[in-house]
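Every chain is numbered from 1, with letters handed out A, B, ... down the list of sequences.
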Protein chains: 2
Amino acid sequence: MIYFDNAATGGRKPEQVLSAVNASLRVCANPGRSGHKLSLVCASNVQKCRDTLDHFFNGYGYDRVVFTKNCTEALNLAIFGTLKKGDHVVTTCMEHNSVLRPLEFLKKAGVIEYDVCPLSNGNITPESVRSLLRKNTRMVIITTASNVTGAIPPIKKIRAALPKDVLLLCDGAQGAGHINIDMLDASLDFLTVAGHKGIMGIQGSGALLFSERVDIQPLTYGGTGSMSLSLDMPDFYPDGLEAGTLAYPAIVSLLEGTHYVTVRLEQIAHRLTALTKYLINGLSAFNTYEIFSKPNACGIVAFRHSSIQSEYIADTLSSRHNIAVRGGLHCAPLMHEALGTLDGGLVRVSFSHFNTENEIDRLLLALKEIGNR
Amino acid sequence: MIYFDNAATGGRKPEQVLSAVNASLRVCANPGRSGHKLSLVCASNVQKCRDTLDHFFNGYGYDRVVFTKNCTEALNLAIFGTLKKGDHVVTTCMEHNSVLRPLEFLKKAGVIEYDVCPLSNGNITPESVRSLLRKNTRMVIITTASNVTGAIPPIKKIRAALPKDVLLLCDGAQGAGHINIDMLDASLDFLTVAGHKGIMGIQGSGALLFSERVDIQPLTYGGTGSMSLSLDMPDFYPDGLEAGTLAYPAIVSLLEGTHYVTVRLEQIAHRLTALTKYLINGLSAFNTYEIFSKPNACGIVAFRHSSIQSEYIADTLSSRHNIAVRGGLHCAPLMHEALGTLDGGLVRVSFSHFNTENEIDRLLLALKEIGNR
């Protein structure tokens with residue numbers, strides 16, 4: 001099958017990731033829970049992964065790297081662990097339900113209020129974010145890249161437009177591993193990571209990185225292998241935010257995946273930009289498809305047919321042409337509302353750097369056939 | 001290394017689990033997020049895993065099987081998702097910090113009160129649980145097996161001693177895959193599972209099974225691949241409790257591991273009982289060690305030396321004898337308090353059915369040497 005659904009989950013993993021995970025399944029000790037040699041080897045790899053992520057994103061130290069099961073958990077931890085009654089939040093219409101649903105819950109519970117920044121020419125501008133700020137705005141939440149169109153908001157400029165005391169949370173689900181994210185340089189307070197997309201790890205991996213300006217309350221409470229006598233969570237990081245056994249094989253995949261992308265970041269971004277450009281050029285030749293993406297390093301191209309529903313196209317590509325893409329709303333309802341595509345959704349093609357122009361040619365042929373039917 | 005730390009995490013996985021996980025890493029689609037063939041294959045395996053766990057534990061239907069990253073998250077979901085202001089909880093001194101720390105948090109936040117059932121001859125009795133009930137007791141939380149000694153509370157008798165409207169939550173971290181747990185027969189309302197211990201899956205796998213009597217609020221909010229237009233979580237299970245990408249490789253391991261133990265449950269229990277008996281007999285011959293376990297199907301034997309700290313013994317076994325065990329308090333402070341072992345802790349040896357008498361002989365030789373030094 002030609003796999004063009006890498007924004008949902010990375011389809012092909014580098015061999016070094018696969019072999020490291022396989023090796024981890026045969027070591028099998030619990031990192032941080034016992035003092036024997038096998039456990040210490042695992043704990044050392046977990047520590048290496050914190051260091052590697054901290055360096056890759058230029059974060060605030062290994063102790064401010066917390067592992068989660070997915071990017072959604074990282075976002076929930078940052079949002080629920082930080083916001084207090086009376087806080088105001090500014091977010092954007094680009095956000096995924098992993099941001100919108102926690103905010104909506106807190107709003108309905110009477111804890112916070114939030115405003116949603118609209119699109120300006122398909123992207124978010126510093127001015128439009130700033131215009132929504134209130135005196136009690138505690139946090140701005142913005143994605144590093146739209147999971148629908150691949151548009152990349154100007155995070156550094158947005159940060160520069162914000163008062164210093166406003167916390168900035170960036171959702172790295174699509175951006176991490178695709179574009180350069182420098183937490184210190186951009187003064188990000190939180191970055192959430194999906195390990196199984198651009199970072200080339202496996203599902204079950206994710207992380208939250210955060211600055212020393214923030215103090216996060218746990219989402220879950222339990223054993224940490226530290227301070228066992230106490231019935232309270234440890235008051236230090238990362239232990240205080242990591243209750244229960246860590247997903248060691250997933251963390252190993254995150255370690256190897258981050259190594260892989262660290263030395264290839266520019267090359268991958270260049271390749272993905274070329275692939276999106278190639279598809280956009282090909283699609284532009286048909287006049288039955290409307291394109292919602294520009295060439296981008298996230299590898300995403302979204303489009304719709306003038307009269308055929310996106311999910312019908314996705315189903316037909318799968319069943320008749322053996323090509324995997326995603327139709328519908330991509331868990332981003334406000335973005336589709338902003339784009340005017342709630343009705344019928346969009347076809348989203350999402351590449352990894354392993355994809356080829358030859359595969360795109362087959363997609364274009366199939367789209368031509370479907371579009372002309 | 002001789003691995004006797006299976007109560008922390010299972011050291012050796014069955015070959016069918018390893019090969020299924022390896023295969024899952026090469027399929028790599030996101031179950032429940034897209035409609036293409038690869039995604040549907042993954043979704044079908046996720047569904048099979050729900051069915052398999054539901055059958056294995058005789059639960060309340062596949063839609064009441066929710067995947068978590070570990071047993072701790074499952075316990076937190078059951079506790080935080082169910083308890084309300086003014087509720088009273090009865091738990092036991094056998095519990096792990098994954099139960100005690102969430103309860104202590106809720107107590108300090110003024111939400112609940114809880115009482116802790118003491119030991120009677122090394123175990124929990126129905127009478128002592130019942131004596132702690134109050135009018136507002138909403139939930140009883142009790143482990144299926146002590147992670148310190150391997151003692152197995154009489155869950156069915158305890159349930160029979162409780163009023164019907166009291167919810168019963170059982171922590172299956174040590175019991176699942178070792179003893180027969182029948183949710184319907186024992187009228188359990190919640191069962192939490194660690195996938196990487198007795199169930200033979202990998203780290204990053206866990207589950208919560210629950211009855212139709214309970215309604216659980218989510219711990220995390222986000223995309224579910226369903227009801228994407230709504231900013232609220234779906235109001236049906238399992239979707240409403242599973243935000244974000246599932247840990248597919250871990251779920252595959254849980255599926256294969258559950259198949260593995262389903263057809264071997266008695267045989268494994270028999271083998272573990274024999275191994276614990278063998279070690280207890282061997283240890284009894286030395287008069288320098290005090291033993292805190294009886295032969296048990298959880299494969300756990302805890303003991304202490306009359307004058308040497310447990311962690312020193314564990315360290316020496318690792319560094320000089322290449323044997324992995326766990327010393328200290330095992331994240332179960334109230335159990336050690338009840339046993340009188342807070343000072344110095346216990347050495348915990350925990351077997352899997354892959355361990356051998358020959359390995360135990362080497363442990364006994366090492367313990368003799370250490371004990372006589």
Heavy-atom contact with chain A under 4.5 Å, split by part of Phe4(B): neither

If you count heavy-atom pairs under 4.5 Å between each of Ala173(B), Ala8(B), Gly225(B) and chain A, which one has the most? Ala8(B)

Under 4.5 Å from any heavy atom of chain A - which part of Asn97(B): both

Under 30°, 30 to 60°, or over 60°: which ring-plane class applies to Phe80(A) and Tyr221(B), parallel, tilted or perpendicular? tilted

Under a 4.5 Å heavy-atom cut-off, does chain A meet the side chain of Ala314(B), its backbone, both or neither? neither

Which one, Pro249(B), Gly35(B), Ser205(B), Ser253(B), leads in non-hydrogen pairs under 4.5 Å with chain A? Pro249(B)

Which one, Leu100(A), Leu229(A), Asn6(A), Asp315(A), leads in non-hydrogen pairs under 4.5 Å with chain B? Leu229(A)

Is there a donor-acceptor contact under 3.5 Å from the side chain of Arg101(A) to the main chain of Ser230(B)? yes

Check each atom of Lys13(B) against the heavy atoms of chain A and say whether the ones under 4.5 Å are side chain, backbone, both or neither. side chain

Is it the backbone or the side chain of Glu15(A) that comes under 4.5 Å from a heavy atom of chain B, or both, or neither? side chain

Out of Leu77(A), Asn70(A), Leu219(A), which one racks up the most heavy-atom pairs below 4.5 Å with chain B? Asn70(A)

Side chain, backbone, both or neither: which part of Ser226(A) has a heavy atom under 4.5 Å from chain B? backbone

What I'd like to find out is whether the side chain of Arg33(A) reaches to under 4.5 Å of the side chain of Thr9(B), using heavy atoms alone. no

Does a side-chain heavy-atom distance below 4.5 Å link Leu25(B) with Asn22(A)? yes

Atom group of Thr224(A) that falls short of 4.5 Å from chain B, counting heavy atoms: both

At under 4.5 Å between heavy atoms, what parts of residues 192-203 of chain B are in contact with chain A? List them by residue number. His196(B), Ile202(B), Gln203(B)

Salt bridge check: are Lys108(A) and Asp232(B) linked by an N-O gap of less than 4.0 Å? yes

Using non-hydrogen atoms only, which part of Val17(B) is less than 4.5 Å away from chain A: side chain, backbone, both, or neither? neither

Using 0.5 Å steps for rounding, measure from the OG1 atom of Thr220(A) to the NZ atom of Lys69(B). 5.0 Å

Scored by heavy-atom pairs under 4.5 Å with chain A, the best of Leu103(B), Thr245(B), Leu246(B) is Thr245(B)

What option among Ser34(B), Gly11(B), Ser24(B) has the most heavy-atom pairs under 4.5 Å with chain A? Ser34(B)

Residue selection (most heavy-atom pairs with chain A, distance under 4.5 Å) from Leu38(B), Leu75(B), Ile251(B): Leu38(B)

Are there residues of residues 321-334 of chain A whose heavy atoms fall under 4.5 Å of chain B's heavy atoms? If so, which? Asn322(A), Ala324(A), Val325(A), Arg326(A), Leu329(A), Cys331(A), Pro333(A)

Check each atom of Phe105(A) against the heavy atoms of chain B and say whether the ones under 4.5 Å are side chain, backbone, both or neither. side chain

Name the option with the most non-hydrogen atom pairs under 4.5 Å to chain A; the candidates are Ser39(B), Gly10(B), Ser98(B), Gly204(B). Ser98(B)

Could you tell me if the side chain of His36(B) sits less than 4.5 Å from the side chain of Leu317(A), heavy atoms only? no

To the nearest 0.5 Å, atom OG of Ser319(B) lies from atom CG of Leu40(A) at 10.5 Å

Part of Met233(A) within contact of chain B (heavy atom distance under 4.5 Å): both

Note, Asn30(B) side chain near Asp5(A) side chain (heavy atom, < 4.5 Å): no

Counting only non-hydrogen atoms closer than 4.5 Å, does Ile79(B) touch chain A with its backbone (N, CA, C, O), its side chain (CB onward), both, or neither? neither

